[in-house]
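Here, residue 1 is the first one in the sequence, and each next residue gets the next number.
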Amino acid sequence: GSGASAALRAAVAWCVVAAALAGPAVRGAGAAADAVQAATFPMKEVPTNPNSLLALMSLVSAVLIPFAAIGVMLVLKDKAWWGACYLIGGLITLVWVYTAYIAF
């Protein structure tokens with residue numbers, strides 16, 4: 001009822017007074033945080049990757065991989081359950097071989 005409402009108003013008023021009194025101290029904290037961030041991240045410019053072929057290959061693969069995947073699924077669709085087994089087993093084998101290759 002009204003007791004809870006009065007308590008809430010008193011709490012809000014207390015927070016407003018506390019924020020008004022702590023204003024200068026809080027404003028100084030922002031400048032200190034900026035100084036810490038500047039010291040933590042001193043890099044001003046982002047280095048560029050000289051290998052532009054990598055970006056081109058990623059764009060080409062973004063177009064070709066979905067078409068290749070649809071083609072593989074259409075071929076394996078005719079083999080019913082064996083096609084699903086080949087698809088799942090083949091993907092797991094490819095991931096395993098890739099991770100084994102990059103591990104060494």
Side-chain angles (χ1 to χ4, degrees):
S2 65
S5 176
L8 180 62
R9 286 183 190 155
V12 169
W14 185 84
C15 289
V16 168
V17 170
L21 293 176
V26 174
R27 284 188 209 108
D34 291 340
V36 169
Q37 185 175 5
T40 306
F41 302 107
M43 188 169 61
K44 298 295 182 202
E45 60 185 63
V46 178
T48 58
N49 186 357
N51 187 3
S52 62
L53 183 63
L54 185 62
L56 182 62
M57 289 183 64
S58 67
L59 290 173
V60 169
S61 67
V63 173
L64 293 182
I65 294 293
F67 287 113
I70 290 171
V72 168
M73 286 188 283
L74 287 175
V75 168
L76 293 178
K77 185 177 180 181
D78 297 334
K79 297 181 181 4
W81 282 107
W82 283 108
C85 181
Y86 291 150
L87 182 62
I88 294 169
L91 288 174
I92 292 171
T93 303
L94 284 175
V95 169
W96 185 85
V97 168
Y98 174 71
T99 54
Y101 174 75
I102 63 172
F104 294 106

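Here Ile92 sits in one hydrophobic cluster together with Ile88; the rule is ILVMFWY side chains under 4.5 Å apart, joined directly or through other members.
At a threshold of 4.5 Å between side-chain heavy atoms, the hydrophobic network of Ile, Leu, Val, Met, Phe, Trp and Tyr places Ile65 and Met73 in two separate groups. Cluster membership check: Leu59 does not share its hydrophobic cluster with Phe67, using side-chain heavy-atom separations under 4.5 Å among Ile, Leu, Val, Met, Phe, Trp and Tyr.
Remark: Val72 engages Leu76, Leu87 in a side chain to side chain contact (heavy atoms under 4.5 Å, CB included) (not counting sequence neighbours). Remark: Leu64 pairs with Val60 by the side chain to side chain contact (heavy atoms under 4.5 Å, CB included) rule, at least two apart or across chains.
Looking at Leu94 and Tyr98, their side chains never come closer than 4.5 Å, going by heavy atoms from C-beta outward.
Residue Leu91 holds its CG atom at 15.5 Å from CH2 of Trp96, rounded to the nearest 0.5 Å.
Listed here is the closest heavy atom pair of Pro66 and Ser61: CD-O, 4.0 Å.
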